[in-house]
Every structure is written in structure tokens, then in C-alpha cells.
Student: 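Could you have a look at this structure, given as C-alpha cells, before my questions?
The chain is numbered in sequence order, starting from 1.
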Amino acid sequence: RAWIDQVRILRNLYADVTIAANDTTMGSLNPAAGTYRYNVGETVTITATPNAGYQFLNWNVDGVNSTTNPFTMVLTDNNAFQQINVTAYFDLDCATPAGVAVSNVTDNSALVSWIGNGNNYIVAYGEGTNPDSMATVSATTTSVELTGLNATTTYHVFVKTICSATESSNWSAMVTFSTPCSNIDIPFVENFETFTGSCWDFYMTNSNSYFALAEGGSDGGYSLQFDSWDANTTDLLFAVLPRFDSINNGFITFMAKNN
């Protein structure tokens, strides 16, 4: 004799998990984006890997955020026959600008350029070496022109990426440049009494040659001396005057002697 009290026909308990990313060009997922069916009791592990120049921010699991990566969850009876949505969020990496360079330097301006993947930057510049205490200019591209510079001045430049209102990169490596002299108005007189060589250029074809200030100028003061350690040298020495605004209809006079 036998009795049957209850008959139940059960099916496996499962949940559908949809995996997605806010932008698949910024990173990849493992498993790849898609919808997967998992049985209750299984452990689901999802890994987000950002591409170069991007960063992983967080997961959003049906409205709940998590920054743990890889993300792991164990399906329970409460998840049975549910649709679970897991989205990975990537964003631009707040990377430090690289390859900072300075070009097109004039007596009062210079062009600063760099390599970066951001949309907003701060460029610090000045004669000091602490970017946090320098003058700054903002940029939305990877170059900016500095204006209002002083002539014959050495400047240091730093660049950083502004990623959000609360996040920025480190300052880039320092880059140094010097502005040239401004054009000089005429009349111009140089008697070499307080000569420093500023704004002049000097060239020589052999290291045995040199320039120096020497007594014995035409007025009894100093003169610019062209000389060589080699008495038999035929090397050439050039002293180039500063730049002038205009010498149209003008003339140059100078005194020279051979010693």
C-alpha cells in the first residue's frame, strides 16, 4: 500500500544578467557585453579593463554603485527569475600631460604645446620653479600661447590636466625657455664700460679663440677684444650687434685697432 501526498515539478532557478559599458571604446568587459543566464547559487564575476588613456570609475548594479573591480556576486533565491543589469562606467584618465614643448618664442610671447587626452588644462609659467605660485592660463586644446612676457627672461613652464571640479593630474615635468632681447631703438651707443654681452651674439670657428673686455679703449676705458690662444690662427670671430627696430637711412661707426 502507498500514498502520494504532493507532487511538485520544479525547474532550475535562474537569473538573467545583462552586462554593459557606458562606452565600449573606453574599455572592455569579461565576459563581453551581453545577456547571460546563471543558475541560483552560481558566482558571477565580471572584470572591467580600461583602454589606454581611460580609467574605470565604477559599476552600477540596478542603481547601486560599486568600485570593486573585478565585481563579484553570488545569485540567491531572491534573484530567481530576475533581470539584473550591471553597467561598467569608464572615463578619460586624468593623465599628466607629456611632451611639453615651447616654440615660436619672441621677446614677449611663446607657444606651449603638449600631449594629453583631456579637455581642460592649466598652464603655469614664471621665473620660479613652484607651479602652484606661478601665473596660470587655461586651455581647452593641447597648446596655448603665452603673451605679455618680459624680454631677456628665463621662464619655467608646467602643465596639468583638469579632469573635474575635484580632480586634476600631477604637474608635468618642468620645461625652461628664455625670451630674446627686444629690438633696440636708435641712436645706440656702446662704449663697453659696463658691457655684459646681453643681446649680442658671438661666434667663433675654433675653441682656441675668445672674446674679452680689455683696457685700452679709444677713450681710455674698455674695449671688446678678439683674441686667440694660437698666434698663427686664421680662425674667424664675429660679434653681432643686438637687433634694431629700423636703421633705414642710418649708419654705423666704430673704432678698431690691431694689437
Student: Could you tell me the separation between the CG atom of D201 and the CZ atom of R243, rounded to the nearest 0.5 Å?
Tutor: 9.5 Å
Student: Could you tell me whether the side chain of T161 and the main chain of A95 form a donor-acceptor pair under 3.5 Å?
Tutor: yes
Student: Angle between ring planes, Y155 versus Y125, binned at 30° and 60°: parallel, tilted or perpendicular?
Tutor: tilted
Student: For a quick test of reading the model, state the closest non-hydrogen atom pair linking P180 to V105 and the distance between them.
Tutor: CD-CG1, 4.0 Å
Student: Consider only side-chain N and O atoms of H156 and T176, and report whether a donor and an acceptor are under 3.5 Å apart.
Tutor: yes
Student: Counting distance only, does the side-chain N/O of D107 pair as donor-acceptor with the main-chain N or O of A151 below 3.5 Å?
Tutor: no
Student: Kindly say whether S164 contributes a backbone atom to a donor-acceptor pair with the side chain of E167 at under 3.5 angstrom?
Tutor: no
Student: Drop me the distance from I122's CD1 to T136's OG1, to the nearest 0.5 angstrom.
Tutor: 5.5 Å
Student: Exactly one of T153, T154, T152 should register a side-chain hydrogen bond (donor to acceptor under 3.5 Å, both in side chains) with S178. Which one does?
Tutor: T154
Student: Taking N60 for the side chain and N65 for the main chain, is one N or O donor matched with an acceptor at less than 3.5 Å?
Tutor: no
Student: Does the side-chain hydrogen bond (donor to acceptor under 3.5 Å, both in side chains) test come out yes or no for Q83 and T18, once each step is laid out?
Tutor: CA-CA 7 Å; Q83 171 68 49; T18 297; 2.6 Å; yes
Student: Closer than 3.5 angstrom, by distance alone: can the side chain of N104 be matched with the main-chain N or O of L111 as a donor-acceptor pair?
Tutor: no
Student: Nearest 0.5 Å please: distance from the OG atom of S182 over to the CZ atom of F244.
Tutor: 13.0 Å
Student: Measuring from atom OG of S172 to atom CZ of F158, what distance do you get when rounded to the nearest 0.5 angstrom?
Tutor: 7.0 Å
Student: Between W59 (side chain only) and T67 (backbone N and O only), is there a donor and an acceptor less than 3.5 Å apart?
Tutor: no
Student: Mind listing the closest non-hydrogen atom pair of T87 and N22 along with its distance?
Tutor: CG2-N, 4.1 Å
Student: What heavy-atom pair brings Y38 and P31 nearest, and what distance separates the two atoms?
Tutor: OH-CG, 4.1 Å
Student: What's the shortest heavy-atom distance between W114 and V100, and which atoms?
Tutor: CB-CG2, 3.9 Å
Student: How many angstroms lie between CD in E127 and CG in N150, if you round to the nearest 0.5 Å?
Tutor: 7.0 Å
Student: A48 and P50: which non-hydrogen atoms are nearest, and at how many Å?
Tutor: O-CD, 3.9 Å
Student: For a quick test of reading the model, state the closest non-hydrogen atom pair linking T96 to N170 and the distance between them.
Tutor: CG2-O, 3.4 Å
Student: Using the salt bridge (charged side-chain N to carboxylate O under 4.0 Å, His left out) criterion, which residues pair with D23? Sequence neighbours excluded.
Tutor: none
Student: Once rounded to the nearest 0.5 Å, what's the spacing between atom OG of S168 and atom OH of Y121?
Tutor: 13.0 Å
Student: Does F71 form a side-chain contact (heavy atoms from CB on, under 4.5 Å) with V61? I'd like the steps, not just the answer.
Tutor: CA-CA 10 Å; F71 174 76; V61 184; 3.5 Å; yes
Student: Would N30 and I46 count as a side-chain contact (heavy atoms from CB on, under 4.5 Å) if you check the C-alpha gap in whole Å, the side-chain angles of each, and the deciding distance to 0.1 Å?
Tutor: CA-CA 6 Å; N30 185 22; I46 313 169; over 6 Å; no
